[in-house]
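The block underneath contains the structure these notes are about, expressed in structure tokens.
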Amino acid sequence: MTIRTRFAPSPTGYLHIGGARTALFSWLYARRHGGTFILRIEDTDLERSTAESVNAILEGMTWLGLEYDEGPFYQTERFDRYKEVIQQLLDGGHAYHCYCTREELDEMRAGQMERKEKPRYDGRCRHRAEPRAGVPPVVRFKNPDEGAVVIDDIVRGQVVFQNRELDDLIIARSDGSPTYNLTVVVDDLDMGITHVIRGEDHLNNTPRQINILQALGAHLPRYAHLSMIHGADGAKLSKRHGAVSFMQYRDDGFLPEALLNYLVRLGWSHGDQEVFSIDEMIELFDIDHVSHSASAFNPDKLLWLNHHYLMHADPLHVAHHLRWHLGQRGIDPAQGPDAADMVAVQRERCKTLVEMADASVFFYREFAHYEEKAAKKNLTTETAPVLRALAAALESLHDWNKEALHQAVTNVAETLGVKLGSVAQPVRVAVSGTSVSPPIDATLELLGREKTLARLRRAVQHIGEGAA
RNA sequence: GUCCCCAUCGUCUAGCGGUCCAGGACUCCGCCCUCUCACGGCGGCAACAGGGGUUCGAAACCCCUUGGGGACGCCA
């Protein structure tokens, strides 16, 4: 049997952490078993579904690299099929028209709540065959009243629901449109889904869906309900916890592989291993080791992983992303050091591409001001001779490379009888405008002779002006 | 309120009856390295929710309590 999994988001919001993890696990499960991964957009709620959300989901999936083999399928394009199944259930006596008004239902619920009962439809229209004037009916599924539904969940084990806890859910609205529990069942059936991997919030829907599936005489898929992901504060993950759209992570300077690695470890483990390449995830992923308990989102660990990938990924690959961020700052990456070289010198001190881009701006563009504190300490009448001496040495430097530059800086320090830091730090401030940069030899090498000399002179002049 | 799920360091987790006075990772704190910031290296703080069982033996199995979470829509 070929495994077929699906990710079925509703486009009523953006792709968030929880959704992305569900998608990842479904994708991994399919990939792990040589199966098929399907994307289905559950847009039956016309009121709340938006094209923006659909785009955000598609864009997020692409950015993460979770490619789907089939789809995207849109439920709004399958209404004819749902109507057909609803009629089939009606004909088979598994569903009936309900003429209850919203007011009636509200009243019933209020009474049940008051009696501390579970709010549920009491099935009063099961036997009320005659239509009521002016009340367009909904269609309800006739849920069995006896017995129990036993779910053999792959992550949770056996979960039992008594049928008497369930009620006759609406499968078609009064305007004839199908509802969630019906469309899911029909689609999972028609699309041949073998494994339904989804959030735990759907566990309660599962017995209802199984009952409909059984009324249809269908073969049941396997279910795997993943625990929820909470925000760093332990509360429910919501739009208030930042990252409104998953694409925010791209904008914030994260690499997709870091997100994927973080996500896979949220609720799944393989011994003590923390770092997984995509190939390793696919090779090692198994539902046996999926956690039963909810987990909290930990931004610090994501940052650590992102830094790890910045450090260890192919600089050419990271450079591709860095260029995008430099572009966001109005910089043409072609007008300056090669981005891959920049990655090589910057990556150990940057946790995000945003930090890296910010720290790299001075290589491409003249800075307007010296950082006040740094200039006050390092650009002084005492350091001016140091800067002049280095400028002189560099003007005649034959080979503009790291080794020669290091030697030149060391020589100046020795000649003047000062420590290396007494040369490097003023030079750093002179060329970068700040007190932080890659090692001075690497900085000067990448900056180039022209910019280096110009900035050393500019700094000397700056000191002169301050003294005068 | 009713039903369902869950429960190991602050967080992510290892653990599938003895090798656990509980291991790894993030964070935090020391020390070393050092031209800045970092990287790196070494070390440290920190947990089996509580109570009953089962067993020669329980973090692991069972029950209860407590505490979290989810569901209870003509939303998905």
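Everything quoted here is computed from the prediction, not taken from an experiment. Here is the naming used below: chain letters follow the sequence lines, and residue numbers restart at 1 for every chain.
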ask   = When you check the gap from the basic side-chain N to the acidic O, do A:D175 and A:R173 get nearer than 4.0 Å?
value =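 Not counted as a salt bridge, because no side-chain N and carboxylate O are separated by less than 4.0 Å.
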
ask   = Under 4.0 Å between a Lys/Arg side-chain N and an Asp/Glu carboxylate O for A:R329 and A:D358?
value =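 Yes, charged N to carboxylate O under 4.0 Å.
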
request  = Would you mind building the protein contact string for nucleotides 39-44 of chain B? One character per nucleotide, 5' to 3', B for base within reach (heavy atoms under 4.0 Å), S for sugar-phosphate only, - for untouched.
outcome  = S-----

request  = Let me have a per-nucleotide readout for nucleotides 6-13 of chain B, 5' to 3', with B, S or -, counting only protein heavy atoms under 4.0 Å.
outcome  = SS---BBS

task = Decide if the gap between the ring center of A:H321 and the ring center of A:H325 is smaller than 6.0 angstrom.
result =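 Not under 6.0 Å, so no.
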
query = Below 6.0 angstrom between ring centroids: does that apply to A:F297 and A:H230?
reply =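 No, the ring centres sit 6.0 Å or more apart.
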
ask   = In whole Å, what separates the P atom of B:C45 from that of B:G23?
value =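 One P to the other, the span is 11 Å.
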
message = Say we look at B:G53 and B:A71: how far apart would their C1' atoms be, to the nearest angstrom?
response =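 32 Å, rounded to whole Å.
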
query = In terms of the nearest nucleotide of RNA chain B, which residue is placed more toward the 5' end: A:D175 or A:S437?
reply =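 Taking each residue's closest nucleotide, the earlier one in sequence belongs to A:S437.
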
task = Starting from the 5' end of RNA chain B, give me the residue, A:R140 or A:H270, whose nearest nucleotide shows up first.
result =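 Of the two residues, A:H270 wins.
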
ask   = Over how many whole Å does the gap from A:D201 atom CG to B:G73 atom P extend?
value =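 Checked: the CG to P distance equals 15 Å.
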
ask   = Rounding to a whole Å, what distance do you find between A:D167:CG and B:C74:C1'?
value =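 From A:D167 CG to B:C74 C1': 13 Å.
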
key: CA sep, side-chain torsions, deciding dist, call: A:W268, A:F285, ring-ring contact (aromatic ring centres under 6.0 Å, His included)   = CA-CA 8 Å; A:W268 176 77; A:F285 186 75; 5.5 Å; yes

message = At 4.0 Å (heavy atoms only), tell me whether A:T434 reaches a base, stays on the sugar-phosphate, or touches nothing.
response =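 No contact.
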
From [options], pick the nucleotide closest to the side chain of [X]?
| X | options | value |
| --- | --- | --- |
| A:S174 | B:C3, B:A71, B:C74 | B:C74 |
| A:K118 | B:G1, B:C37, B:A76 | B:G1 |
| A:E165 | B:C3, B:G69, B:C74 | B:C3 |

ask   = Do the ring planes of A:Y223 and A:H225 sit parallel (below 30°), tilted (30 to 60°) or perpendicular (above 60°)?
value =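 Plane angle under 30°, so parallel.
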
ask   = Quick one: is A:R109 getting a side-chain N or O under 4.0 Å of the B:G73 phosphate, OP1 or OP2?
value =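 For B:G73, OP1 or OP2 has a side-chain N or O of A:R109 closer than 4.0 Å.
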
query = Any side-chain N or O of A:R208 less than 4.0 Å from the OP1 or OP2 oxygen of B:C4?
reply =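 For A:R208, the contact criterion (side-chain N or O under 4.0 Å from OP1 or OP2 of B:C4) is not met.
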
message = Would the base of B:C75 count as contacting A:R48 through its side chain, where contact means a donor and an acceptor less than 3.5 Å apart?
response =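 No, no donor-acceptor pair under 3.5 Å.
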
ask   = Is there a donor N/O on one and an acceptor N/O on the other, under 3.5 Å, for the side chain of A:N205 and the base of B:A76?
value =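 Counting by modelled atom types and ignoring angles, a donor-acceptor contact under 3.5 Å is found here.
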
query = Counting only Watson-Crick or G-U wobble pairs whose two distances fall under 3.5 Å, which nucleotide matches B:G1?
reply =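 Base partner found: B:C72.
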
message = Need the pair for B:G67. Rule: Watson-Crick or G-U wobble, both distances under 3.5 Å, any strand; none if unpaired.
response =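 Looking at the geometry, B:G67 pairs with B:C6.
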
